[in-house]
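Positions are given from 1, in the same order as the sequence printed here. Any value given below was found using the heavy atoms of this structure, including those in side chains, with hydrogens, waters and symmetry copies removed.
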Amino acid sequence: VRQAFVALRIESRPLIVLRVCSFEFFRLGLTEVHWAAPILSGLKGRQFQSLGQAAHEVHVLLFGRDEGYCNYTSEYEAYCIGRFDETWDARLGKGSRVVDAHGQRLHQSFSPDLLNTYVELAPDSLANGGRWVRCCDLLPLVPLGMSDSDAAARLARELDPSRNRRLAPGGAHAADGSSGHDRDDWRSGRAQGSGASSGDCHRGLAHGGACGLARGASENAPPKRARFSTKNGLCVYRRMGDVDMPHEIVDHRLVEQAVHGQNSMKMLMIRPLDPPGARQFEVPYVETVPLNDRFKEVWCNKGWDPGPDGSTGRPHSNAGLYDAHVTAVKLQARTAKQPEVALFHQLRWGHNVLALSPPPPELEGAGDALLPIA
């Protein structure tokens, strides 16, 4: 998919069209309002951290803050242009996965067999030969340029229930194997009572009804995400894409407040540390994690620890990723005004933990710390 537009329609007429600016597989991130009917004109030009958050705001304006929730992956559709045949119809929406939404564990359809099928998602239905497809049936959305083999491997990881995932607002990975965007549903209303089924409590817009829910249900608020510094010169990892590559924060800014009562959304201008001279680009703050969050995991998995004599652990293959991590330590140490070897020790071993190998020789002061440092 080159770009992604989804719409909420009432009696075949679009009520609002949203452009999903940041998407990858089941993650539907930064979203902006592309077009809105007069009843929702106040949303024109607004940006939201995720499609789920945008759909919730639309739902609140239409029905009120206490009137149920919006199952946006089923109620929002995309006008899809592609080569439709019997094979397409046989594969569309034939997969099923378990997601956590609105305090329940639900089964949601998706289309794993259409993983590498190219389609265009248009903002309207003016083009001939297209059809409306539910948002969930279009998942996973593979960004243009990803190879078929990489897409297949990524999908296998996304669906692996044993994968250790972290839960955070705005679409971070969940521990139960559900994908990040499913957790955006916590923004879309109140949790259902244990005795109610989704059919009892959720009347979809497609059937012309408001989303009803027994009053007094408890909020299904997620755990709060730990904040971290976004000072220019510090380094982060991305939650999607090349998740093992550290990126330098070049700049940051705040955009329009997404939901009333919440903090404004922060955007980071970042650049990957390999290859040298790589272009910088902008991502939402919520789609990044600090360097200390994954440094140890990546460093250990790659086996980069130096030998006892201090000889470098730099590999012959994929040396660029090793160099990027060394550069990240140097950049972060300079910004944080810390010695490079001390910062590396904190990232690799932790505070007040005895090191089992010396720091990389590429770091300043490594020659003075050939013995493990405490």
Side-chain angles (χ1 to χ4, degrees), residues 1-20 22-29 31 34 50-52 54-55 58-59 69-102 104-125 127 129-144 146 148 151-152 154-156 158-159 171 174 177-185 188 198-199 202-207 211:
V1 175
R2 186 188 307 275
Q3 56 183 347
F5 294 91
V6 297
L8 178 65
R9 299 191 301 153
I10 302 296
E11 297 180 353
S12 301
R13 295 182 179 181
L15 193 62
I16 191 167
V17 178
L18 303 174
R19 177 173 176 258
V20 184
S22 174
F23 60 87
E24 195 165 37
F25 288 77
F26 301 104
R27 173 74 173 87
L28 302 173
T31 298
H34 178 75
S50 66
L51 176 58
V58 172
H59 177 82
Y69 60 86
C70 171
N71 188 355
Y72 65 92
T73 58
S74 296
E75 294 180 355
Y76 280 73
E77 303 170 286
Y79 189 72
C80 189
I81 303 170
R83 296 182 178 180
F84 306 113
D85 51 24
E86 294 181 357
T87 302
W88 166 278
D89 292 333
R91 296 178 177 179
L92 184 67
K94 297 305 180 182
S96 179
R97 62 196 185 103
V98 177
V99 299
D100 285 343
H102 314 298
Q104 291 191 4
R105 180 155 289 190
L106 307 174
H107 288 274
Q108 184 181 87
S109 64
F110 72 113
S111 303
D113 294 334
L114 294 175
L115 178 68
N116 294 315
T117 302
Y118 176 77
V119 294
E120 290 280 355
L121 302 183
D124 52 52
S125 57
R131 62 171 65 176
W132 288 100
V133 179
R134 292 190 309 167
C135 182
C136 59
D137 291 337
L138 283 173
L139 301 177
L141 290 178
V142 180
L144 193 66
M146 179 176 286
D148 291 357
R154 173 65 182 274
L155 179 60
E158 290 285 340
L159 299 178
S178 64
S179 295
H181 85 282
D182 305 315
R183 292 291 185 161
D184 287 341
D185 284 341
S188 303
S198 59
H202 177 209
R203 301 196 303 275
L205 286 170
H207 299 89
C211 299

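No donor-acceptor distance shorter than 3.5 angstrom exists from the side chain of Thr73 to the backbone of Cys136, with no hydrogens or angles considered.
Using a cutoff of 4.0 Å between basic side-chain nitrogens and carboxylate oxygens, Arg9 and Glu75 are not scored as salt-bridged. Under the 4.0 Å criterion applied to side-chain N and carboxylate O atoms, Asp89 and Lys94 are not assigned as salt-bridge partners.
Side-chain contact between Leu92 and Leu114 is present, with at least one heavy-atom pair separated by less than 4.5 Å. Annotation: side chain of Val17 is not in contact with side chain of Arg19 (no heavy-atom distance under 4.5 Å). Between Val98 and His107, some side-chain heavy-atom pair lies under the 4.5 Å cut-off.
Considering CG of Leu139 and CZ of Arg27, their distance stands at 12.5 Å, rounded to 0.5 Å. Considering OG1 of Thr117 and CG of Leu138, their distance stands at 11.0 Å, rounded to 0.5 Å. The CZ atom of Arg131 sits 12.0 Å away from the CD1 atom of Ile81 when rounded to the nearest 0.5 Å. Atom CG of Asn71 and atom OH of Tyr76 lie 11.5 Å apart (nearest 0.5 Å). For the atom pair OG (Ser125) and CH2 (Trp132), the distance works out to 5.5 Å, reported to the nearest 0.5 Å. Considering OH of Tyr72 and CG of Leu18, their distance stands at 11.5 Å, rounded to 0.5 Å.
The minimum heavy-atom distance linking Leu121 with Phe5 is given by the pair O-CD1, 3.3 Å. When all heavy atoms of Asp124 and Tyr79 are compared, the pair lying nearest together is O-CD2, 3.1 Å. The minimum heavy-atom distance linking Cys135 with Leu28 is given by the pair SG-CD1, 4.0 Å. Nearest heavy atom pair, residue Phe25 against residue Leu155, reads CE2-N, 3.8 Å. Minimum heavy-atom separation, Pro140 to Ser111: CD-O, 3.8 Å. Nearest approach of Pro143 to Phe23, heavy atoms of both residues: CG-O, 3.7 Å.
Listed by chain and number, the residues in a side-chain hydrogen bond (donor to acceptor under 3.5 Å, both in side chains) with Arg134 are Ser109, Asp137 (sequence neighbours excluded). Applying the ring pair (Phe, Tyr, Trp, His ring centres under 6.0 Å) test to Phe110 and every residue at least two apart in sequence or in another chain returns Phe26. Taking Arg91 as the reference, nothing meets the side-chain hydrogen bond (donor to acceptor under 3.5 Å, both in side chains) condition, with sequence neighbours excluded.
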